[in-house]
Undergrad: 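My questions will all concern the structure given below.
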Amino acid sequence: MTTTIYALATPPGRSGVAVVRLSGPGAGDILGAMLSGGLPAPRQASLRKLYTVQGDVFDQALVLWFPAPASFSGEDCVELHLHGGAAVIDGAIAAIEAAGGVLAQAGEFTRRAFENDKLDLTEAEGLADLIEAETEGQRTQALAQMSGSLKHLYEGWREALISVLASIEGEIDFPDEADVPDALSHRAYQPLSGLLESMAAHLADGRRGERVRNGFSIALIGAPNAGKSSLLNRLAGRDAAIVTDIPGTTRDIVEVRLIMAGFPVVISDTAGLREAVDAIEAEGVRRALDRAEHADLRIGVADARSQAELQDLQGRLQDSDLLVLNKLDLMPDRKDGSGFRISATTGAGVDALEARIESIVRERLSAREMPALSRARHRRAVEAAQAALMRCRERLADASELAGEDARLAVRALESLTGRVDVEDILDRVFSQFCIGK
């Protein structure tokens with residue numbers, strides 16, 4: 001990393017303040033070329049005039065100088081807090097490039113921090129999630145991950161596994177030594193079992209962390225004209241879906257993204273479930289059934305006047321799903337207690353339904369004692385480590401060499417989580433998702 005990179009760290013366009021960051025071995029020299037009177041004191045904001053290559057002042061700005069290694073990236077770093085006009089930003093970039101600065105790629109600042117051991121890969125991913133966070137739940141999860149919640153868990157597993165591996169290899173390398181007890185590897189059985197239990201608990205979180213990142217999926221299902229689109233519009237607080245009296249109006253899935261209980265929620269209005277009258281409607285029904293199958297929560301909507309719709313939904317919903325009897329404004333005397341009695345047209349009963357949805361979202365997504373898997377790659381790596389450890393435990397009694405190899409595979413899977421092993425394609429994929437300037 002011999003180049004010095006720069007980037008605008010605030011959104012482009014006119015603003016009160018624009019921040020330009022630099023990182024690399026030449027950051028101090030580049031800053032010095034724009035100043036008169038030498039570099040400011042480290043880690044202290046200093047109001048200074050900034051000069052072009054021709055010696056003209058292009059701004060008076062706050063300047064911060066962070067000598068290595070006490071910086072975000074572990075390299076010499078500079079921050080320029082400029083006035084946010086386009087001409088000022090252009091002047092700063094021209095001066096930086098004239099002094100040898102190179103425009104940073106997406107995620108390059110954070111990647112340098114990772115490569116300089118300022119943070120591990122899970123912490124870097126937490127930082128990316130924090131930048132993207134739109135809800136309180138996302139912010140809380142991202143901040144915990146950026147602060148090392150997953151790192152400490154995975155590193156703890158790794159250290160325990162290395163101790164297990166030492167026991168196994170003690171028998172392999174010194175089978176005849178008097179000071180090495182017989183069947184030393186068998187001592188590894190209980191620690192392996194403890195690790196497997198911890199991994200199983202981590203994996204059995206209902207994909208909570210991934211749902212916090214991507215959104216809790218809710219599917220509205222039911223017969224045509226049951227009122228699914230009207231309910232979607234009522235929950236969204238706007239006309240997101242077309243509502244008519246013509247059965248089959250909704251042919252494709254209509255999605256609305258909301259925030260409920262501090263978490264992202266995606267509610268999908270689906271095509272009415274019935275015998276399709278044409279190929280287009282048939283495809284809509286197929287998509288509706290597929291979305292319902294993969295949703296985190298299904299809300300069945302039935303016309304309160306139709307016993308047939310109610311019976312059909314009762315066969316499609318799971319115990320944890322919700323049943324809604326709609327159009328109570330047309331049948332106000334119905335008193336049976338099954339499901340939520342609402343009128344999507346007038347809004348009657350919708351507040352109680354919405355409160356129940358929020359309660360379910362909060363219950364399923366709120367933080368637990370063990371940090372949540374937040375990405376599919378985390379789940380795959382933990383599953384790979386778990387599978388290797390299960391093989392390892394089975395082979396302890398009669399194939400210690402194979403057990404040792406399985407333990408090493410598990411260690412490698414855990415190290416891929418934190419970035420201890422150099423898996424270039426993983427690194428490229430992770431850091432390419434960052435914004436420029438971070």
Side-chain angles (χ1 to χ4, degrees), residues 72 106-107 109-111 113-114 117-158 195-218 257-266 294-297 360-387 410 412-421 423 425-435 438:
F72 170 76
F109 285 90
T110 307
R111 181 156 186 169
F114 164 76
D117 295 325
K118 288 293 182 177
L119 71 176
D120 82 330
L121 201 53
T122 63
E123 292 169 323
E125 289 168 325
L127 174 58
D129 289 346
L130 188 61
I131 294 171
E132 298 293 331
E134 298 176 324
T135 71
E136 180 185 353
Q138 290 174 324
R139 173 187 57 77
T140 300
Q141 176 172 284
L143 187 60
Q145 184 172 326
M146 189 186 77
S147 301
S149 60
L150 286 178
K151 172 186 176 180
H152 298 320
L153 176 65
Y154 298 150
E155 283 294 317
W157 286 351
R158 177 182 173 275
L195 280 170
L196 285 169
E197 288 178 7
S198 181
M199 289 180 182
H202 192 44
L203 290 168
D205 66 347
R207 297 185 182 271
R208 173 171 57 89
E210 294 164 74
R211 288 184 169 99
V212 170
R213 285 188 70 240
N214 303 321
F216 185 85
S217 173
I218 299 174
R257 192 174 181 91
L258 304 174
I259 297 174
M260 289 185 159
F263 297 100
V265 172
V266 180
H294 294 95
D296 302 317
L297 174 69
I360 291 173
V361 171
R362 186 181 298 108
E363 178 183 335
R364 298 193 190 178
L365 299 188
S366 292
R368 309 287 197 273
E369 182 177 345
M370 181 173 285
L373 294 151
S374 62
R375 279 174 162 76
R377 85 166 189 93
H378 299 172
R379 187 170 298 277
R380 288 193 299 268
V382 175
E383 287 173 343
Q386 182 187 48
R412 184 172 178 83
L414 295 178
E415 289 178 340
S416 73
L417 283 164
T418 59
R420 278 180 173 268
V421 292
V423 186
D425 59 333
I426 292 178
L427 300 182
D428 289 342
R429 187 160 57 249
V430 168
F431 291 107
S432 67
Q433 297 171 1
F434 279 73
C435 56
K438 196 58 182 172

Undergrad: What's the spacing between Glu132 CD and Leu127 CG if we round to 0.5 Å?
TA: 10.5 Å

Undergrad: Please identify each residue that fulfils side chain to side chain contact (heavy atoms under 4.5 Å, CB included) with Ala133, with sequence neighbours left out.
TA: Gln138, Arg139

Undergrad: Mind listing the closest non-hydrogen atom pair of Gly137 and Val212 along with its distance?
TA: O-CG1, 3.6 Å

Undergrad: Would you say the side-chain atoms of Glu123 pair up with the backbone N or O of Asp120, donor to acceptor, closer than 3.5 Å?
TA: yes

Undergrad: Could you walk me through whether Gln386 and Leu196 pass side chain to side chain contact (heavy atoms under 4.5 Å, CB included), step by step?
TA: CA-CA 6 Å; Gln386 182 187 48; Leu196 285 169; 3.9 Å; yes

Undergrad: Considering non-hydrogen atoms only, spot the tightest contact between Ser416 and Ala381 and give its length.
TA: OG-CB, 3.9 Å

Undergrad: Quick test of your reading: applying ring-ring contact (aromatic ring centres under 6.0 Å, His included), list the pairs with at least one residue in residues 117-151, sequence neighbours left out, ordered by first then second residue.
TA: none

Undergrad: Could you grab the distance from atom CZ of Phe216 to atom CG of Leu258, nearest 0.5 Å is fine?
TA: 13.0 Å

Undergrad: Just by modelled atom types, is the Pro371 backbone N or O under 3.5 Å from a matching donor or acceptor in the His202 side chain?
TA: yes

Undergrad: Would you say the side-chain atoms of Ser374 and Gln141 include a donor-acceptor pair closer than 3.5 Å?
TA: no

Undergrad: Output the distance between atom CG (Leu417) and atom CG (Leu153), rounded to the nearest 0.5 Å.
TA: 9.5 Å

Undergrad: Hey, what do you get for CD1 (Ile360) to CD1 (Ile218), rounding to the nearest 0.5 Å?
TA: 7.5 Å

Undergrad: Which heavy-atom pair separates Trp157 from Ser198 by the least distance, and what is that distance?
TA: NE1-OG, 3.0 Å

Undergrad: With no hydrogens and no angle check, is any side-chain donor or acceptor of Thr122 less than 3.5 Å from a backbone partner on Thr418?
TA: no

Undergrad: With a 4.5 Å heavy-atom cut-off, do Glu125 and Arg213 have their side chains touching?
TA: no

Undergrad: If you count every heavy atom of other residues, nucleotides or ligands that lies below 6.0 Å from Glu383 atom CD, does the total exceed 12?
TA: yes

Undergrad: Kindly give the heavy-atom pair with the smallest separation between Arg362 and Ala261, and that separation in Å.
TA: NH2-CB, 3.7 Å

Undergrad: Under 3.5 Å, is there a donor-acceptor pair between the side chain of Thr135 and the main chain of Ile259?
TA: no

Undergrad: Return yes if some donor-acceptor pair links the side-chain N/O of Arg208 with the main-chain N/O of Arg364 below 3.5 Å, else return no.
TA: no

Undergrad: How far apart are the C-alpha atoms of Asp205 and Arg379, what are their side-chain angles, what is the distance that settles it, and do they pass the side chain to side chain contact (heavy atoms under 4.5 Å, CB included) test?
TA: CA-CA 11 Å; Asp205 66 347; Arg379 187 170 298 277; 3.0 Å; yes

Undergrad: Are any non-hydrogen side-chain atoms of Leu150 and Arg375 less than 4.5 angstrom apart?
TA: no

Undergrad: Mind running salt bridge (charged side-chain N to carboxylate O under 4.0 Å, His left out) on Arg207 and Asp296 for me, showing each step along the way?
TA: CA-CA 10 Å; Arg207 297 185 182 271; Asp296 302 317; over 6 Å; no

Undergrad: So which atom in His152 and which in Ser147 form the shortest heavy-atom distance, rounded to 0.1 Å?
TA: NE2-O, 4.1 Å

Undergrad: Can you check whether Tyr154 reaches Leu121 side chain to side chain, under 4.5 Å on heavy atoms?
TA: no

